[in-house]
Amino acid sequence: MYQRHDFEIFPVSGLEKVRGGSRPQLFEEENTALVGERFAFQIAYRSIGRTLIDLTYCLEGVPQSKAKVYAVREVPCSYPKAENSDDYLLTDVPCLMPDALMPVPACGIVAKSGLWQSFYIVLENLAAGAHTIVFTIRGRDGELLGQAEYTLRVLKQKLPQTDMVNTFWMHYDCIADLYGLPVFSRKYNRILKSYIKSAVKYGFTMLLTPLFTPPLDTEVGKERMTVQLVDVKKQGDRYEFGFGRLGKFLRLAESAGVKYFEMSHLFTQWGAGYAPKIVATEEGASKCIFGWKTEALSREYEAFLSAFLPQLREWLIEGGYYGRCYFHVSDEPNAAAFGHYKECVGLLRKYLPDAKFTDALSRYEYYEEKVVDRPFVALDATDEFIQKGADGYFVYYCTSQRNNFVSNRFLSMPLERTRVLGIQLYLNGVNGFLHWGYNFYYSFLSRVPIDPFSVTDCMGKYQSGDAFSVYPGKDGAIGSMRAEAFYQGLQDMRALKALENKLGRENVCAFLERNGVARNFSDYPKNTAWLICLRKKINRMIEN
C-alpha cells in the first residue's frame with residue numbers, strides 16, 4: 001500500500017456504506033469466493049488537503065473483462081425511519097447515503113476535500129486461484145497519490161445453481177415516462193431489455209407480465225399508462241384476442257435470462273373489488289372497456305374472462321410457456337374481502353384448472369385453505385408458518401416490514417441486513433421471494449413521475465429506497481449497493497447448498513444455529529463482521 005501524506009486510500013468490505021464524514025471501519029484486504037461467484041469490495045479514499053480534480057485510476061491483476069469499477073454516488077435518504085420501526089439502522093435522520101453504482105466519469109475523478117468516497121469493484125468469472133488486485137489513483141499530472149491491494153482467493157469448488165423463484169416487479173410505464181418513449185416501441189424495448197438483464201444479474205428469475213395494465217399502486221378512480229400486451233377486439237358480445245405482442249415480449253424476456261412469468265393481476269389491489277383496466281378496439285376506436293366501474297364478479301367481466309382465459313391457456317401451452325407461468329388474482333386482499341377474494345379465485349380456476357396461482361397472502365388460515373398454490377408471505381408474518389411446519393410458501397417484503405429486525409432494503413439500513421436474507425431463506429427452506437418495486441419511479445399511488453436520484457421516498461410516503469433498487473441511466477438500468485448486497489445473499493444461499501452437498505442439510509442447519517441464526521427471520525447477530533466471518537467459515541468448510 002502506498003499513499004501520500006495528504007491522501008488516504010485503503011480497501012474495505014463491499015458491505016460498508018462509505019459516508020463522507022465518517023472514517024470507514026470495515027478494512028478488508030483479502031477474502032475467498034467460489035468458482036462462478038460474483039464478488040465485490042471497495043476502495044475507500046479521501047484527499048486530506050485540497051479538493052483534487054481530474055484524477056485517474058488503474059486496476060491491475062485481473063483481466064479488464066472480469067472486473068467492473070463503479071463510482072459510488074450518494075442519494076438523499078430523506079425518509080430513513082417510519083413509525084414502529086426498529087433501531088437496526090445506520091441513521092434515523094435525513095442524510096445523503098451512498099448507493100448508486102455509477103460509471104466512472106470520463107471527464108475525470110474528483111477527490112473532495114476531507115470527505116470519504118469509494119470505488120465499488122465487482123469481480124466475476126475468475127478462475128480458481130489467488131488474484132491480487134492493485135488499484136492505483138493518480139493526479140491530473142500523473143503523480144502517484146495512492147495505491148491499495150486486495151487479494152481474492154477463488155476456491156476450486158463451484159457455486160451451485162438453484163431454481164429459486166425470485167421476482168422484482170417491473171413497472172413498464174415508469175420506463176416509458178422517464179425515457180420519453182412509447183411503451184414497447186423498438187427504442188423502448190432496448191431500454192427494457194437492459195432493465196430485465198440487470199434484474200437477472202441480481203438474481204431475478206420471474207417477470208411480471210402485463211397481459212393488461214397491472215392494477216397496482218393506482219389511486220381509486222384513476223388510471224396508469226396503458227401497458228397492455230394482449231390485443232382485444234370487441235364486436236357486440238364477442239371478443240377476439242391477439243397474442244403477437246405478448247409473444248414478442250416473452251421472447252425478449254427469455255433472451256435476457258428470464259425463466260418464469262407471472263401474469264398480471266386480473267382483479268384490483270387490496271380486495272379484488274374491480275376489473276383491471278382493459279382496452280379494446282370497438283367499432284374501429286380504442287376504448288377502455290373495463291376498469292374501476294366494472295365490479296369484479298359482474299356478468300360482463302366473467303363473460304370476458306370465459307372467452308379470454310381458455311384462449312390464453314391454449315396459446316401459452318402451444319408456446320411452451322404455461323408450465324412456467326404463475327397467475328395473480330389480487331395483491332394483498334384484506335381480511336374483510338377474503339370471502340370475495342376466494343370467489344374470484346374460484347372464477348379463474350374454472351377456466352384455468354391446472355394453472356399455478358400466487359398472491360401476497362400473509363394469514364396462515366389462507367394458507368391452510370390452499371386458496372392459491374404458492375402464497376407470498378410477508379417476512380414479519382412467517383413465525384406461525386415456521387412453527388406449524390408449513391412448506392410451499394414464498395416470502396416478500398415491502399414498506400411494512402420494518403420491525404423485528406427482518407431483512408429489507410431501505411437506504412437507512414446496513415447492507416448486512418439486506419444480505420442476511422439469503423441465509424435465512426436457506427435455513428427456513430423457502431425458495432421464492434417477491435419485491436414490489438424494482439423501478440417504481442412515481443410518487444405514492446402513481447400520481448406523478450419522480451427523479452429517483454432526487455426523490456427516494458415516493459414523495460414522503462415510503463421509506464427511502466423502498467420503491468426501487470436500480471436507477472435510470474442513459475441506456476438502461478444503473479445498479480445499486482443494495483441490489484448487489486441482496487444478490488450476495490442469494491450467493492450465500494447457494495454456497496450453503498454446496499456445503500449441504502458435502503455435509504447434508506441437517507448438519508448445515510445445525511451449523512447455522514450454532515452460529516446464531518434462528519429458524520425465523522428476526523433472530524441473528526446484528527453485526528457486519530459476523531456475516532463476513534460466517535461466509536468465510538462456510539467457504540473453509542466447503543474447501544476442506
Side-chain angles (χ1 to χ4, degrees), residues 10-19 21-33 37 39-42 44 72 77 80-81 85-93 95 97-99 116 118 120 150 152 379-380 382-383 395 397 401-428 463 465 480-496 499 508-542:
F10 52 85
V12 298
S13 167
L15 289 176
E16 174 126 24
K17 291 188 176 182
V18 177
R19 302 171 66 186
S22 303
R23 174 174 289 277
Q25 299 297 307
L26 295 176
F27 178 82
E28 180 181 288
E29 58 185 352
E30 59 80 27
N31 213 315
T32 60
E37 184 165 4
F39 185 86
F41 69 99
Q42 293 178 90
V72 181
C77 181
K81 183 179 181 181
S85 294
D86 59 48
D87 62 355
Y88 187 24
L89 304 170
L90 293 174
T91 183
D92 60 3
V93 296
C95 63
M97 194 66 74
D99 189 48
W116 286 100
S118 72
Y120 192 93
Y150 191 96
L152 179 67
L379 281 188
D380 56 352
T382 54
D383 283 355
V395 295
Y397 55 59
Q401 284 62 60
R402 55 183 182 251
N403 212 327
N404 297 324
F405 311 111
V406 295
S407 184
N408 214 312
R409 62 183 71 187
F410 306 146
L411 282 167
S412 59
M413 289 181 170
L415 289 172
E416 75 269 10
R417 183 169 180 174
T418 299
R419 178 171 171 172
V420 77
L421 179 66
I423 293 169
Q424 296 172 322
L425 291 172
Y426 176 86
L427 183 59
N428 292 294
Q463 298 93 314
S480 70
M481 296 180 73
R482 292 173 297 125
E484 288 285 349
F486 177 85
Y487 182 70
Q488 289 161 15
L490 297 184
Q491 291 188 137
D492 294 339
M493 182 182 183
R494 292 163 62 188
L496 289 167
L499 187 58
V508 175
C509 291
F511 160 77
L512 292 175
E513 291 180 291
R514 287 195 303 273
N515 280 272
V517 189
R519 291 181 187 256
N520 58 46
F521 287 90
S522 296
D523 298 318
Y524 56 94
K526 315 302 189 290
N527 184 283
T528 316
W530 164 82
L531 183 55
I532 294 169
C533 291
L534 179 64
R535 181 55 204 275
K536 286 184 176 180
K537 287 181 185 178
I538 293 167
N539 285 358
R540 283 198 298 270
M541 294 169 70
I542 292 171

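As the structure is a computational prediction, the values presented were derived from the model and not from experiment.
- Residues Asp380 and Gln401 have side chains that bring a donor and an acceptor to within less than 3.5 angstrom of each other.
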Full working for side-chain contact (heavy atoms from CB on, under 4.5 Å) between Phe521 and Asp383: CA-CA 8 Å; Phe521 287 90; Asp383 283 355; over 6 Å; no
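- Atoms CD and CG, on Glu513 and Leu427 in that order, are 5.5 Å from each other to the nearest 0.5 Å.
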Step-by-step side-chain contact (heavy atoms from CB on, under 4.5 Å) determination, Met413 to Arg409: CA-CA 7 Å; Met413 289 181 170; Arg409 62 183 71 187; over 6 Å; no
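- In this structure, the separation between CG on Leu512 and CG on Asn428 is 10.0 Å, given to the nearest 0.5 Å.
- The line from CZ of Arg494 to CG of Leu499 is 15.0 Å long, rounded to the nearest 0.5 Å.
- Side chain to side chain, Arg419 and Tyr487 fail the donor-acceptor criterion of an N or O pair below 3.5 Å.
- Ring pair Tyr88/Tyr524 is tilted by interplanar angle, where 30° to 60° counts as tilted.
- Without hydrogens or angle criteria, Ser522 side chain to Asn404 main chain gives a donor-acceptor distance under 3.5 Å.
- Not one N or O on the side chain of Glu30 forms a donor-acceptor pair closer than 3.5 Å with the backbone of Glu28.
- In plain terms, the two heavy atoms of Tyr150 and Pro11 that are nearest each other are CD1-CB, 3.9 Å.
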Verdict with supporting geometry, Ser412 and Leu90, side-chain contact (heavy atoms from CB on, under 4.5 Å): CA-CA 5 Å; Ser412 59; Leu90 293 174; 5.7 Å; no
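- A salt bridge is defined here as a Lys NZ or Arg NE, NH1 or NH2 lying under 4.0 Å from an Asp or Glu carboxylate O, and Arg482 with Asp99 meets this definition.
- The side-chain heavy atoms of Asn408 and Thr418, taken from C-beta on, include no pair separated by under 4.5 Å.
- Nearest heavy-atom pair, Gln42 versus Val18, reported as atom, atom and distance to 0.1 Å: OE1-CG2, 4.0 Å.
- Nearest heavy-atom pair across Pro98 and Arg19 is CD-CG, 3.8 Å.
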Chi angles and distances behind the side-chain contact (heavy atoms from CB on, under 4.5 Å) call for Lys536, Met541: CA-CA 9 Å; Lys536 286 184 176 180; Met541 294 169 70; over 6 Å; no
Candidate pair Arg417 and Asp86, rule salt bridge (Lys or Arg N to Asp or Glu O under 4.0 Å), full reasoning: CA-CA 12 Å; Arg417 183 169 180 174; Asp86 59 48; 2.8 Å; yes
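- Using a 4.0 Å cut-off between charged side-chain N and carboxylate O, Glu37 and Arg535 make a salt bridge.
- Between atom CD of residue Gln424 and atom CG of residue Asn520 there is a gap of 7.5 Å, rounded to the nearest 0.5 Å.
- When each of Asp492, Asn515, Val420 is tested with Leu534 by the rule side chain to side chain contact (heavy atoms under 4.5 Å, CB included), just one qualifies, namely Asn515.
- One distance of note links OG of Ser13 with CZ of Phe27; it measures 12.0 Å at 0.5 Å rounding.
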